[in-house]
Every structure is written in C-alpha cells, then in structure tokens.
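Because the structure is a prediction, the values reported are computed rather than measured.
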Amino acid sequence: MIDQVSLFLHVLAAVGLVGGGFMQVLVGGRLRAATTVTSIGLWGQFALTASTLVLVSMVTSFLTGGHLAGAVWSSDEVSGFSLPFITVGVVALVLAGAVWWLANARLRRLVDRALGGEDTRLVVDARSPSLWGPVHGLVGIGVGLIWIMSAKPERWLTAVVVVLGSLVVGWITGLFVSTRTS
C-alpha cells in the first residue's frame with residue numbers, strides 16, 4: 001500500500017514540476033508584455049506562486065523517488081541506485097533545484113523592485129534572458145526527468161544526454177522568447 005501511495009505521489013510530483021514550470025512560462029508572456037510597475041508586480045507574484053508549486057513538486061519527487069529506489073528497485077543483490085534512471089534522476093533533481101533557485105531569486109528581485117515602486121529598467125529586466133533561460137530550463141529538465149522515469153533507459157549515457165539535452169533545449173528556448181511579449 002505504501003509503495004502505491006509513494007508511486008502516486010511521485011507521478012503527481014512530476015505533473016506538478018512540469019505543470020508549475022509551464023504555468024510560469026505562460027505567465028512569462030504576460031509579465032514580459034507588462035509596461036507598468038503594478039502589472040509587473042502582479043504577474044511576477046503569480047509566477048512566484050507557480051515557482052512554489054515547482055519547489056514542492058521537486059521535494060516530493062526527491063522523497064518519494066528515494067523511497068521507491070529503496071523499497072521497489074533494490075534487493076539483496078542490487079541497489080536501486082545502480083540503475084541509471086534512478087541515479088541520473090536524483091542528480092537531475094539536485095540540478096533542477098539549483099536552476100530553480102537561480103530563476104526564483106531573479107524573479108523575486110524583480111517582484112520586490114516592482115512592489116517597492118521602482119521603475120528603473122524594470123520593463124527591460126522583465127524581458128531578461130537571464131530570467132527566462134532558467135525558467136524555461138526547468139520545464140525542459142522536468143520533461144527529461146519524466147522521459148527517463150518512463151523509459152527507464154539501461155544506458156547511463158542515454159539518461160544523461162536526455163536530461164541535459166532537455167535542460168539545454170528549454171534554456172535556449174527561454175533565451176529566444178525572453179524579448180517576446182506574446
């Protein structure tokens with residue numbers, strides 16, 4: 001029973017990770033189109049709410065994945081962490097945490113400046129590639145994580161390339177759309 005609950009929460013966390021990231025991407029269009037301090041603050045706060053969902057999902061995925069690695073994928077003969085999809089998944093979640101921290105810190109500074117009434121360069125900073133690269137990168141790494149958890153590749157290189165490749169594609173997409181307002 002506990003393994004089924006853990007698996008359900010693990011899958012739900014994957015949905016939250018990608019869904020929350022995608023929500024930030026969608027809100028990003030509105031945030032980049034905002035031309036007033038007030039609207040930048042409001043859309044930025046909405047993006048921060050989605051950021052909280054991403055963080056909670058990452059922590060849930062880490063905890064439930066650890067349980068599943070030990071309880072379901074480990075035996076007396078083999079550790080679950082000897083499987084590429086598990087170990088690469090854990091490393092990818094840690095990497096995603098660093099990317100989340102970077103994106104969230106930049107978004108938080110933007111919102112704090114907007115709520116404080118500062119308008120110097122605020123519109124320009126709301127369209128900064130240094131903000132939208134990490135935000136889109138989180139969606140990419142989430143998609144990569146879902147792929148390796150679903151496909152369970154037996155080759156280490158495959159798991160690493162998929163996760164890093166999806167992160168890079170997401171990040172580049174964020175750089176490309178950063179100056180777009182729709």
One pair to check against side chain to side chain contact (heavy atoms under 4.5 Å, CB included): Thr179 and Arg32. What are the steps and the verdict?
CA-CA 7 Å; Thr179 56; Arg32 291 188 304 273; over 6 Å; no
Which heavy atom of [X] sits nearest a heavy atom of [Y], and at what distance?
X: Ile86; Y: Ala69; answer: CG2-CB, 3.8 Å
X: Leu122; Y: Glu118; answer: CD2-O, 3.0 Å
X: Ser51; Y: Asn104; answer: OG-OD1, 2.7 Å
X: Ser6; Y: Leu68; answer: OG-CG, 3.8 Å
X: Val135; Y: Ala103; answer: CG2-CB, 3.9 Å
X: Gln24; Y: Ala47; answer: NE2-O, 3.1 Å

Give a yes or no on whether the backbone of [Y] and the side-chain of [X] come within a donor-acceptor separation of less than 3.5 Å.
X: Ser61; Y: Ser57; value: no
X: Ser74; Y: Ser79; value: no
X: Ser82; Y: Val78; value: no

List for me each residue that meets side-chain hydrogen bond (donor to acceptor under 3.5 Å, both in side chains) alongside [X], sequence neighbours excluded, and say none if there are none.
X: Ser128; result: Ser130
X: Ser39; result: Thr36
X: Arg127; result: none

Given the rule that I, L, V, M, F, W and Y join up when any side-chain heavy atoms are under 4.5 Å apart, are [X] and [Y] in one cluster?
X: Val99; Y: Val59; value: yes
X: Leu9; Y: Phe62; value: no
X: Leu131; Y: Leu138; value: no
X: Val11; Y: Met149; value: yes
X: Leu102; Y: Leu48; value: no

Side chains of [X] and [Y]: closer than 4.5 Å at any heavy-atom pair?
X: Ile146; Y: Val18; result: yes
X: Pro153; Y: Ile148; result: yes
X: Arg113; Y: Ile40; result: no
X: Gln45; Y: Leu42; result: yes
X: Leu31; Y: Leu107; result: yes
X: Phe46; Y: Met23; result: yes
X: Asp112; Y: Arg108; result: yes
X: Phe8; Y: Leu12; result: yes

Spatial distance of atom CG (Leu110) from atom CZ (Arg121) [nearest 0.5 Å]:
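Interatomic distance, Leu110 CG to Arg121 CZ, rounded to 0.5 Å: 11.5 Å.
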When rounded to the nearest 0.5 angstrom, what is the spacing between CG in Leu93 and CD1 in Ile141?
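Answer for the CG-CD1 pair, Leu93 versus Ile141, is 7.5 Å.
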Which is it for Met58 and Leu17 under the side chain to side chain contact (heavy atoms under 4.5 Å, CB included) test, yes or no, and what are the steps along the way?
CA-CA 6 Å; Met58 285 189 301; Leu17 174 60; 3.7 Å; yes
Below 30° counts as parallel, above 60° as perpendicular, anything between as tilted: where do the rings of Trp132 and His136 land?
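It falls in the perpendicular class, over 60°.
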May I ask you to say whether Arg109 pairs ionically with Asp125, meaning some side-chain N is under 4.0 Å from a carboxylate O?
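So Arg109 does not pair with Asp125 through a salt bridge.
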Can you give me every donor-acceptor pair (side chain of residues 157-173, partner residue at least two apart or in another chain, under 3.5 Å) with its distance?
from	atom 1	to	atom 2	distance (Å)
Ser166	OG	Gly140	O	2.9
Ser166	OG	Val162	O	3.0
Ser166	OG	Val163	O	2.9
Thr173	OG1	Val169	O	2.8

Does any pair with a residue in residues 70-110 pass ring-ring contact (aromatic ring centres under 6.0 Å, His included), and if so which ones, sequence neighbours excluded?
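Residue pairs passing ring-ring contact (aromatic ring centres under 6.0 Å, His included), neighbours aside: Trp73-Phe85.
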Salt bridge (Lys or Arg N to Asp or Glu O under 4.0 Å) partners for Arg155, two or more places apart
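In terms of salt bridge (Lys or Arg N to Asp or Glu O under 4.0 Å), with neighbours along the sequence ignored, Arg155 is linked to no residue.
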